[in-house]
Novice: 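Have a look at the structure that comes next, please.
What you see is a predicted model, and the numbers here were worked out from it, not measured in a lab. Protein chains get the first letters and strands the later ones, always in sequence-line order, with residue 1 at the start of each.
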Amino acid sequence: LVSWNSILTAFAQNGNLIDAQDTFNQMPEQDLISWNAMLTAIAQKGKMEDAKRFFDEMACRNLVSWNSLISSFSQNGHVAEAKRLYENMPERDQVCATAMLTAYSQLGNLRDAEAVFSEMQFQNSISATAMLNAYAQNGYIQEARNVFDQIPQKNVITWNSMLTAYTENENLTEAECLFDKMPELDLVSWTTMLSAYAQEGHIQKAKRIFDKMPEKDRVAWTAMLRTYALCGNLEYARWILENMPEWDTVALTTMLAAYAQSDHLEQAECLYARVDEKNPVLQTAMLSAYNINGNLIEAKSVFYQMDQRSMVSWNSMLSAYAQHGNVEAAKRIFDEVHERSAVTWIAMMSAYAQNGHFREALFLFREMNSFQIFLD
RNA sequence: CGCUGUCUAAUGGAACCU
C-alpha cells in the first residue's frame with residue numbers, strides 16, 4: 001500500500017493527473033493517504049470543481065484532506081472559498097492557519113493575516129516565517145525583522161526569507177550584511193543575492209556570486225542569464241544559456257524576451273526554431289516577441305498554431321491589436337475571453353486610452369472596480 | 001514495543017498590461 005501511494009504521489013507531483021487517476025483506480029485498496037494524494041493531484045491542477053466533488057465523495061476525511069483543499073483554493077486565487085471552508089472546519093491546525101495567513105498576505109490583507117497568526121494556538125517557525133514574509137511583502141520591513149529576531153530556531157528558509165525581505169525592498173546593504181552572517185547558505189540564498197545585485201545593476205558582483213556558488217541549478221543559471229540580458233549583453237547571456245546543463249522553459253523564454261526587447265528578432269526566431277518541444281508558454285513568449293517588434297502577422301500565425309491559448313497569450317494579442325489602433329479587435333478579444341486577470345483589464349483600458357476613447361476607458365475602470373479586480 | 005517510508009502550510013529565475 002505504501003508503495004502504491006508513493007507511485008500515486010509521484011504522478012501527482014509531476015502534474016500527471018491521468019496516470020495518477022489510473023494508479024488510484026488500479027491499486028488493490030486505498031487508504032486515507034491515497035484519497036488525500038488523489039485529492040491533491042486534482043486540486044493542484046486547478047480543477048477545483050472536481051476537487052470539491054472528490055472531497056465530498058470521500059468516506060472519511062482528516063485534517064490533511066481539509067488542508068489540502070483549502071490550500072488549493074487559495075493557491076488558485078479563490079481565497080473567499082478557502083476562507084469559507086476554513087471557518088467551517090471541524091478543527092484547525094497550524095498547517096491550514098499558515099496557508100490562510102499566506103493567502104491573506106498575498107491579497108494585501110495584512111490585518112487578517114495578523115489575526116490568523118495571533119489566533120493560532122501554537123506558532124511554529126513555519127508560521128512565523130510566513131508572517132515574516134507577509135510583513136515584508138507588504139512593505140513592513142521592521143515588523144518583519146522583529147518577527148525574525150523572535151524566532152528561536154531559525155533554519156535556512158527563515159534566513160532566506162529575511163534576505164528576500166531586504167532585497168525586495170531594495171536594501172542591498174542590509175541584505176549583504178545578513179548574507180554574511182548566515183550560518184548556512186543554500187541555492188536559494190545564493191540566487192537571491194545574485195538577483196539582488198542584478199536588479200541594482202551590479203553585474204560584476206552578480207557574476208562573482210555565481211562563480212562562488214558551490215552548486216548551481218537551472219534557477220541560478222537563468223538568474224545569471226537574466227543579469228546579462230538586463231544590461232544588454234546578449235552575447236554573454238547566450239553564452240550562459242549554451243553552457244547551462246539543461247534548458248527549461250523559463251531559461252528559453254528569458255532569452256527570447258532578451259532578444260525581442262533589443263531588436264534581435266531573427267536571433268529569437270532562430271533559437272525558437274531549435275526547440276523541439278514547443279509548449280504554450282514558449283509559444284506565448286515567441287508571440288510576444290513578434291508583438292514587441294510590431295509584427296502582427298507572425299504573431300497571429302503563432303497564435304493560431306497554439307492548441308492551448310493561455311490568458312497571457314490572449315493579453316498579448318489584445319495589446320498588439322491596440323498598438324495597431326484596432327480597438328474593435330481588442331474589444332472582441334476582451335469580450336470573448338473566458339478568463340481575465342488584472343493585466344487584461346489594464347490592457348483594455350490603455351487600448352481605449354491610447355486611441356482616444358477616454359470615456360470608454362473610464363467606464364471600464366469603474367466596471368473593473370465593481371468586479372473587485374485588484375491591482376498588485 | 002519502538003523506529004523508518006507515502007498525503008497538506010513558509011524562501012530564489014521567465015513570457016502578457018502599466
Side-chain angles (χ1 to χ4, degrees), chain A residues 1-10 12 31-41 43 62-72 74 93-102 124-134 136 155-165 167 186-196 198 217-227 229 248-258 260 280-289 291 310-320 322 341-351 375:
Chain A
L1 184 56
V2 173
S3 5
W4 280 100
N5 283 338
S6 303
I7 296 168
L8 175 57
T9 308
D31 63 359
L32 187 51
I33 292 186
S34 333
W35 281 85
N36 286 339
M38 197 57 230
L39 172 67
T40 308
N62 63 6
L63 263 172
V64 174
S65 333
W66 283 90
N67 295 344
S68 175
L69 192 66
I70 288 176
S71 307
S72 306
S74 74
D93 66 355
Q94 296 147 319
V95 175
C96 61
T98 307
M100 278 316 293
L101 195 169
T102 303
N124 59 19
S125 61
I126 296 183
S127 63
T129 308
M131 194 65 235
L132 189 169
N133 287 310
N155 60 21
V156 209
I157 299 185
T158 318
W159 283 92
N160 287 341
S161 296
M162 196 62 228
L163 186 67
T164 304
T167 63
D186 68 0
L187 279 166
V188 176
S189 342
W190 288 100
T191 311
T192 303
M193 206 60 223
L194 196 166
S195 299
D217 63 358
R218 288 179 305 194
V219 177
W221 281 93
T222 309
M224 194 63 233
L225 194 169
R226 170 84 168 166
T227 305
D248 66 2
T249 304
V250 178
L252 286 166
T253 53
T254 307
M255 195 68 236
L256 286 182
V281 176
L282 200 65
Q283 290 172 317
T284 305
M286 192 62 227
L287 181 157
S288 65
N291 280 336
S310 65
M311 185 170 56
V312 175
S313 64
W314 284 105
N315 291 341
S316 183
M317 288 312 295
L318 194 161
S319 56
S341 70
V343 172
T344 318
W345 286 86
I346 296 169
M348 194 60 230
M349 283 192 293
S350 65
L375 311 181

Novice: Could you spell out the base pairing of RNA chain B in dot-bracket, with Watson-Crick or G-U pairs whose two distances are under 3.5 Å, [ ] crossing and | to another strand?
Specialist: ..................
Novice: Hey, does the side chain of A:Arg226 come within less than 4.0 Å of B:A14's phosphate (OP1/OP2), counting only N and O?
Specialist: yes
Novice: Give the minimum heavy-atom separation between A:Asn36 and A:Ser65, together with the two atoms involved.
Specialist: OD1-OG, 2.8 Å
Novice: Closest approach to the side chain of A:Val188, judged atom by atom: which nucleotide of B:G12, B:C17, B:C16 is it?
Specialist: B:G12
Novice: Considering only heavy atoms from C-beta outward, does the side chain of A:Leu69 approach that of A:Leu39 to under 4.5 Å?
Specialist: yes
Novice: Work out which heavy atom in A:Ser189 is nearest to a heavy atom in A:Leu163; give both atom names and the distance.
Specialist: O-CD2, 3.7 Å
Novice: Is A:Leu225 touching bases, backbone alone, or none of the nucleic acid, heavy atoms closer than 4.0 Å?
Specialist: nothing
Novice: Only one of A:Asn155, A:Asp186, A:Thr129, A:Thr192 forms a side-chain hydrogen bond (donor to acceptor under 3.5 Å, both in side chains) with A:Asn160, so which one is it?
Specialist: A:Asp186
Novice: Rounded to the nearest 0.5 Å, what's the gap from OG on A:Ser125 to CE on A:Met131? Could you check?
Specialist: 15.5 Å
Novice: Is any N or O donor-acceptor pair between the side chain of A:Thr192 and the base of B:G12 shorter than 3.5 Å?
Specialist: no
Novice: Pick base, sugar-phosphate or nothing for A:Thr98, based on heavy-atom distances below 4.0 Å to the nucleic acid.
Specialist: base
Novice: Regarding A:Asp31, tell me which of base, sugar-phosphate or nothing describes its non-hydrogen contacts under 4.0 Å with the strands shown.
Specialist: nothing
Novice: Regarding A:Ser161, tell me which of base, sugar-phosphate or nothing describes its non-hydrogen contacts under 4.0 Å with the strands shown.
Specialist: sugar-phosphate
Novice: Any base atoms under 4.0 Å from A:Asp186, or only sugar-phosphate, or nothing? Heavy atoms, all strands.
Specialist: nothing
Novice: Kindly indicate whether the side chain of A:Thr253 and the base of B:A14 share any N or O donor-acceptor pair separated by less than 3.5 Å?
Specialist: yes
Novice: Drop me the distance from A:Met286's CE to A:Leu252's CG, to the nearest 0.5 angstrom.
Specialist: 12.0 Å
Novice: Mind checking if A:Thr191 touches a base, just sugar-phosphate, or nothing, with heavy atoms under 4.0 Å?
Specialist: base
